[in-house]
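Predicted model, so just to flag it, every value in this text is computed and none were measured. Positions are given from 1, in the same order as the sequence printed here. Each ligand, and each atom within it, is numbered from 1 in the order the structure gives.
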Amino acid sequence: MDLASRLADVDARISDAARAAGRDPSEITRIVVTKFHPASLIDELYALGVRDVGENRQQELTEKVREIGARDGLTWHFIGQAQTNKARAVRAAASVVHSVDRSRLAEALDTAADDGAAPLDVLLQVNLTTDAGRGGVEPAALASLAEHVAGCPSLRVRGVMGVAPLDEEPASAFARLRASSDELARIIPGATWISAGMTADFVEAIDAGATHLRIGSAITGPRPARG
Ligand SMILES: *Cc1c(COP(=O)(O)O)cnc(C)c1O
């Protein structure tokens, strides 16, 4: 299958899963994760109508934004772990940051705003694994992080993000993310986005209420080795 057919195939599976879950497919944003692929792939995807792309490394994101330049309606999502000292570069390149998991990172993104800058949409990444060393705030600490980030004037908290662990059924991990989402929405009304679901588990994520899917290889094909 070529790129266009893989994209159409994934979109059909998303629509089927949404309808099976009693949801409207149009309320789901499909982000194509383009990491490790050349910027030319984003050009091809854009020509096919893709308007949301995701990158997980700041340097790669910055380079691709420079190569691709401004494109009508194209939204860059940053989905990887961010170092505090890269916050300014992340903010300059991305419109949505999915991986805010600590106050210091939120503060660094907040102070990186230029005067009069549009607010930056952020999601709070929740750790769904039992390994505290993985990215994401522990679910028990989500509320205090949310209150802190809500106090950052140039950030707009939109919801939660999670990655299902490899050693657990995705459905049960996403059910916990859904509970975190409900908790966040009680603290910040309107912060209802749920970024969840990758190539292997986007159907389960849609069942659990995901609003933003981050899908890479099912659409792009296998990733080239990291350079
Ligand atoms: C790479 C990546 C994805 C996409 O993974 P696929 O399995 O290729 O769909 C999604 N989310 C994050 C955080 C990633 O780093």
Side-chain angles (χ1 to χ4, degrees), residues 1-3 5-14 17 28-39 41-42 44-45 48 50-65 75-83 86 90 93-102 105 109 121-129 131 133-137 158-171 173-174 176-177 180-181 193-227:
M1 279 205 282
D2 64 3
L3 184 64
S5 338
R6 287 192 303 265
L7 180 67
D9 178 63
V10 167
D11 284 349
R13 285 155 62 198
I14 293 170
I28 295 172
T29 301
R30 175 259 297 123
I31 299 159
V32 183
V33 177
T34 48
K35 65 189 185 197
F36 308 1
H37 289 279
L41 180 74
I42 298 173
E44 290 176 58
L45 288 164
L48 293 169
V50 169
R51 293 296 178 267
D52 291 272
V53 294
E55 288 286 336
N56 74 333
R57 293 262 170 125
Q58 173 270 319
Q59 205 180 332
E60 190 175 343
L61 169 72
T62 300
E63 280 166 16
K64 285 180 183 170
V65 168
T75 298
W76 297 86
H77 298 255
F78 185 72
I79 62 172
Q81 291 310 296
Q83 291 168 267
K86 300 288 168 56
V90 167
S95 314
V96 187
V97 175
H98 290 232
S99 43
V100 172
D101 61 358
R102 55 200 194 278
L105 177 59
L109 288 167
D121 285 333
V122 300
L123 294 102
L124 305 184
Q125 183 177 353
V126 178
N127 184 7
L128 300 177
T129 74
D131 174 359
R134 300 298 287 273
V137 65
R158 291 299 211 153
V160 293
M161 181 271 221
V163 178
L166 294 173
D167 59 356
E168 183 185 356
E169 285 296 320
F174 292 146
R176 292 201 305 283
L177 185 63
S180 289
S181 167
W193 294 7
I194 302 177
S195 166
M198 311 175 18
T199 289
D201 55 22
F202 68 84
V203 171
E204 290 88 344
I206 290 168
D207 273 337
T211 61
H212 291 66
L213 314 173
R214 308 178 311 269
I215 303 180
S217 43
I219 295 171
T220 64
R223 282 186 276 278
R226 179 170 260 163

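With ligand atoms numbered from 1 in the order given, ligand 1 contributes 6 (P), 7 (O), 8 (O), 9 (O) to contacts under 4.0 Å with heavy atoms of Ser217. Those atoms of ligand 1 that come under 4.0 Å of a heavy atom in Ile215, given as number and element, are 9 (O).
When the heavy atoms of Val33, Asn56, Thr199 are ranked by distance to atom 6 (P) of ligand 1, first place goes to Thr199.
Inspection of the Ser195 and Arg214 side chains reveals an N or O donor paired with an N or O acceptor under 3.5 Å. Checked by atom type, the side-chain pair Thr34/Glu55 shows a donor-acceptor distance below 3.5 Å.
Looking at atom 11 (N) of ligand 1, its nearest protein heavy atom turns out to be Arg214 NE, 2.9 Å. Atom 5 (O) of ligand 1 has Met198 CE, 3.6 Å as its closest protein atom, hydrogens excluded (heavy atom only). Annotation: atom 14 (C) of ligand 1 to nearest protein heavy atom, Lys35 NZ, 3.0 Å. In this structure, atom 13 (C) of ligand 1 lies nearest to the protein heavy atom Ile79 O, 3.6 Å.
The local environment of CD in Glu169 is sparse, with at most 12 non-hydrogen atoms from other residues, nucleotides or ligands closer than 6.0 Å.
Electrostatic pairing of Arg30 and Asp52 does not count as a salt bridge here, judged by no charged N lying under 4.0 Å from a carboxylate O. For the pair Asp2 and Arg6, the salt-bridge criterion is not met [side-chain N within less than 4.0 Å of a carboxylate O].
With a 4.0 Å cut-off on non-hydrogen atoms, His98 does not touch ligand 1 at all.
Tested against Thr220, the residues Glu44, His37, Lys35 include a single side chain to side chain donor-acceptor pair (under 3.5 Å) partner, His37.
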